[in-house]
Number of protein chains: 4
Amino acid sequence: MTKPQTTRKKRANGVESRQRILDAAVEISGERGYEGTSIAAVSAACGLPASSIYWHFKDKDDLIAAVIERSFDTWLAAFELPDEESGTPLERVTAVAGNVAKSLVDAPDFLRLGLMLALERRPAEPRGRTVFLQVRDIARAKIAEMAASLVPGLDEESVQILTTYAVAGADGLFVQREINGDAVDLVAMFELHAQLVYDAATRMAARRTA
Amino acid sequence: MTKPQTTRKKRANGVESRQRILDAAVEISGERGYEGTSIAAVSAACGLPASSIYWHFKDKDDLIAAVIERSFDTWLAAFELPDEESGTPLERVTAVAGNVAKSLVDAPDFLRLGLMLALERRPAEPRGRTVFLQVRDIARAKIAEMAASLVPGLDEESVQILTTYAVAGADGLFVQREINGDAVDLVAMFELHAQLVYDAATRMAARRTA
Amino acid sequence: MTKPQTTRKKRANGVESRQRILDAAVEISGERGYEGTSIAAVSAACGLPASSIYWHFKDKDDLIAAVIERSFDTWLAAFELPDEESGTPLERVTAVAGNVAKSLVDAPDFLRLGLMLALERRPAEPRGRTVFLQVRDIARAKIAEMAASLVPGLDEESVQILTTYAVAGADGLFVQREINGDAVDLVAMFELHAQLVYDAATRMAARRTA
Amino acid sequence: MTKPQTTRKKRANGVESRQRILDAAVEISGERGYEGTSIAAVSAACGLPASSIYWHFKDKDDLIAAVIERSFDTWLAAFELPDEESGTPLERVTAVAGNVAKSLVDAPDFLRLGLMLALERRPAEPRGRTVFLQVRDIARAKIAEMAASLVPGLDEESVQILTTYAVAGADGLFVQREINGDAVDLVAMFELHAQLVYDAATRMAARRTA
DNA sequence: TATGAATGAGACTTCATTCAT
DNA sequence: AATGAATGAAGTCTCATTCAT
C-alpha cells in the first residue's frame, strides 16, 4: 500500500542476493584460499554490504562451506559412466576422464579451493574442508565402482590402489594445468591417464587370474 | 657439559636466531599456507619477538621465500639418478621414485607449502611462489633428462608429455597422502607410478620405432 | 531538555561521528602535523575506536585531507572585499586584512596544519597538501584581483609581485604570532601590512603612469 | 704501532662519521620534520648503522638539536651589516637582505626544519625547537639594532613593530619560495622587502619628529 | 670507535562480527 | 530482507632505543 509494487529493479530478493554472494565467494576463495578470503573482499565483489552477507550466512566458515556445497552436484555429475552400449570399456572410461577434465577447465575454482582446504592443517578445521573431503570420497567410491565393474577379476586391494592412483593423477594433472596454464592440454592428459590406469588394471587382473 | 654456558641468557647470535625463525616458519607455513602464517605465530613458536623477525627478514614475503629457499637443495638432491651399474633402467627409476617419496614423508612441509602457494592466485604473487616454481622447473628438467636417457627413441614431445605426467602423479600422490595419512603407502605408490610411467615410455618409444 | 534522550547510548549516527572525528583531527593535526597525528590519538580524542575512524575515512591521508577540506569555505570567506560604498580603497583593503587576521586568531589550526604540510617534502605527497595548495591559489587569485581593481594602472607583473608579497606577509605574520603568542597583535600587524602593500602598489602604479 | 697509519680509507674516524650523520639528518629532517625523521632513515642515508648514531648522539632529540646547532653560525653570519662606507643606509640594508636570501636559497633545510619545529605544538617540546627560537631571537635583535642605528628617531615600539614585520616578511617569502620553487626570485623579493620596510621606517621616524 | 642483534611499544590498517534500524 | 555504523582483536611493520661485543 505504502509502496506500489511496480517492477522495481532493486526489490529485496533473497535468493538472488544469496547467489551473488556465492558467485563472488567462489571466485575469491578459489583464488586466495580460506584465510585469503575476506568478507570485505566478497562484499566489494558482489556489491552487497558485509552485514548483508551475515544475513545469508552464519559466518565465514558457513560461507566457504556453502561455496563447496553449491558446486557439489555439478562436480559429481561428471563422474557418471556412460551406457554400456556406448563403446568399449576403455572408451567409456576415457569418456568419463574427458568429461571430468572439461568440467575442471570450465570451473576450476571448486577443485582449486578444495585442494587448498585439503592441504591446510589448521587447529580448527573449516567445515568447508570436511564437506570437500566427503564429496571427494563419494567421487572416489564411484571410481572404485567403475574399476570393479569394468575390469573384472580385480581384488579389492588392487581396486583401492588403482583408485588412489587414478585420483592422484587427476589432482596432479589439475595442479599442473593451474601452474602452466593452457600449455597443458588437460583433456588429452586425462585421457592418457585413463588409458594408463586402465591398462594397469587389466594387467593386474590378468596376473591374478593367471 | 657439551657446551660451556657462554651463551649468557640470549644474546646476539644471528645465525642461530635465523635458523630458529626459519624452523618455526617452515612448520607453520607448511600447515597454514601464506595468509595463515602470522608473524605473531612464528614469533611465538620461535621465542623471538616479532620485531626481531624483521631484523632477519625484510618482510613476511621474504620470510616465506627463505623458507622455500632453505629446503631447496635437500629437495633437489632426491632427484639424483643412481649410477648405471646399480641396476636396470627400471630399477634405477624406481629407486629415484622411492627416494623422492621418502624425502616427502620425512619433510612434507616444503611441498605442502609449495603446492598451496602454487594453487593460489593472489594479486601480488608472493616471491616464495616464484622460487618454488623455479625449483620445480629444475626438478622437471631432471626428470625429462632421465626419461630421454633411460628410454632411447622417445621424441621430444613424448618426453614432455611423460614428464608432465610423472610430475602430476607425484604431486597427486603426495596430496593423497596428506589427506589420508598413513593409510597411503607413499613409497609403494611412487614405485608403482615409476613403473607405469616407465612402461608407458617404452611402449611409446617402441610404437615410434616401428 | 533541548533534546529528548533518543540517542540511546551511542548507536549509529554517522554524520555526528564524522564531525567528532574531524573535530579531534583538526585539533591534533593542527598541533602536531601530519606524521605527529596518530590515529590512536584521534581515536582517544573523539571517543570512537580506531577502527570506526576507518569506516568514515579511507586512511589517514584521507582524514587529513578532509580536515583541510572542511575549513576550506570558512577560510576563503574571509577574503571577500566589502562593497565599494563602504570606504576608500585603503579602508576596504584594511578591512579585508583585519577579517583575515581575526579568522586566523579564532581558528589557527587550518593555516598551521596547512603550512606544515606545505613545508614538508615527503616522498608521497599527502593529499591534504595538494588540497591546501589549491585553496591557497584561490585565495591568491582573489588578492590579485583586489589589487588590480583597487589600484588601477598596475601592470600584470607588478600585480603578481605585490600578491606574492602580500601573501608572504600574511604567512609570516601568522608564524610570528604562533611563535610569540599574544605578544603579537595580529590584527594590527595585518592592517599595517595592508597599508604598506597598498602604498607600494600606488607608488608602483604612479611610477608606471609617469 | 699495531696498525701502520697508512692513509686508510676506512679508519675509524669519529669526526667524519659525525659529519656524515649530520649531513644525512639535515637533509631528511629538513624535508620531513621532526616526527617524519626516523633514525632508520638517517642510518640508511649516511650508511652507518642505527646503533652508531646513538654512539654520537644521545637520542633523536639530541640529533635534531645538533642539526640546528650546526647551521647556527652560517645562518647568523648572513645578518652582518656591511661597513658604513659601503653605501647609503638603504643600500646597506638591501645588501643584508640579499645575503640572507642567498643563504636561504643555498641551504633552505635549516629554516625549513626550523619553521616546522616552530609551528608544531607537541606536549614535550623538542630541544631543537628551543635552540631554533633562540637563534631566531638573536637574529631578531640584530635586525632591531640595524633599524635603530640606520633610521634615527625611531622609538622603541616602532623598532619592535618594524622588526616583527621584517622577520615575518622574510619567513613568508621563504615559505612562498618553498611552495612555488624557482618561480619566486627570492633575492629580488627580499630586496623589495628591505626597501619597503626601510621606507616605512623613515616615514615613521619622520612622523614622530614632526 | 663502532656495530649486529634484540626488543617493547606503538604505528597504520584490516579482520570477522554484531546490532539497531 | 537488508544495511549503516560500530567495535575489539589481530594483522604487518616501523619506531626509538639498548646492550654485549
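Each chain gets a letter, A, B and so on, in the order its sequence line appears, and its residues count up from 1.
Out of E/dA16, E/dC15, F/dC15, the shortest distance to the side chain of A/A40 is found at E/dC15. Side chain of B/I39, nearest nucleotide from F/dT12, E/dT7, F/dT3: F/dT12. The side chain of D/A50 sits closest to F/dT17 out of F/dT7, F/dC13, F/dT17.
For the pair B/S38 and C/P49, both in contact range of DNA chain F, the more 5′-proximal nearest nucleotide belongs to C/P49. Of the two residues contacting DNA chain E, namely C/S51 and C/A41, the nearest-nucleotide position lying further toward the 5' end is that of C/A41. Residue-to-nucleotide proximity on DNA chain E shows that, of A/T37 and D/Y54, the 5′-proximal contact is made by D/Y54.
To the nearest angstrom, C1' of F/dT14 lies 13 Å from CZ of D/R32. Residue C/R20 contributes atom CZ, which lies 14 Å from atom P of F/dA5 at whole-angstrom precision. Following rounding to the nearest Å, B/R18 (CZ) and E/dG4 (C1') show an atom-to-atom distance of 14 Å. For the pair A/I53 CD1 and E/dA16 P, the computed distance is 10 Å after rounding to whole Å. Taking atom CG on D/D62 and atom P on F/dT17, their separation rounds to 10 Å, with Å as the unit. Look at NZ on C/K60: it is 14 Å from P on E/dT14, rounded to the nearest Å. Per the geometry, CZ belonging to C/F57 stands 15 Å off P belonging to E/dT14, to the nearest Å. Atom CD in C/E35 sits roughly 9 Å away from atom P in F/dC15 (whole-Å rounding).
Within the structure, salt bridge (Lys or Arg N to Asp or Glu O under 4.0 Å) pairs that include any residue of residues 33-51 of chain B comprise B/E35-B/R122 (at least two apart or interchain).
Listed pair C/H56 / F/dA6 meets the phosphate criterion, a side-chain N or O lying under 4.0 Å from OP1 or OP2. Phosphate proximity of E/dT7 to B/S52: present, with a side-chain N or O under 4.0 Å from OP1 or OP2.
In terms of the side-chain contact (heavy atoms from CB on, under 4.5 Å) criterion, residue partners of C/E27 (sequence neighbours excluded) are, by chain and number, C/E31. Partners of B/D59 under the side-chain hydrogen bond (donor to acceptor under 3.5 Å, both in side chains) rule, at least two apart in sequence or in another chain, do not exist in this structure. In this structure B/D62 satisfies the salt bridge (charged side-chain N to carboxylate O under 4.0 Å, His left out) test together with B/R127, sequence neighbours excluded. Partners of D/Y54 by side-chain hydrogen bond (donor to acceptor under 3.5 Å, both in side chains), not counting sequence neighbours: none found.
The base of F/dA2 sits with one of its N or O atoms less than 3.5 Å from a complementary donor or acceptor on the side chain of A/W55.
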DNA chain F in dot-bracket form (Watson-Crick or G-U pairs under 3.5 Å, [ ] crossing, | inter-strand) is .||||||||||||||||||||
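B/F110 has its ring centre less than 6.0 Å from the ring centre of B/F132.
Here A/S43 lies out of heavy-atom contact (under 4.0 Å) with every strand.
In this structure, the side chain of A/S29 does not engage the main chain of A/Y34 through any donor-acceptor pair within 3.5 Å. Formation of a donor-acceptor pair under 3.5 Å by the B/R32 side chain with backbone atoms of B/T37 is not found in this model.
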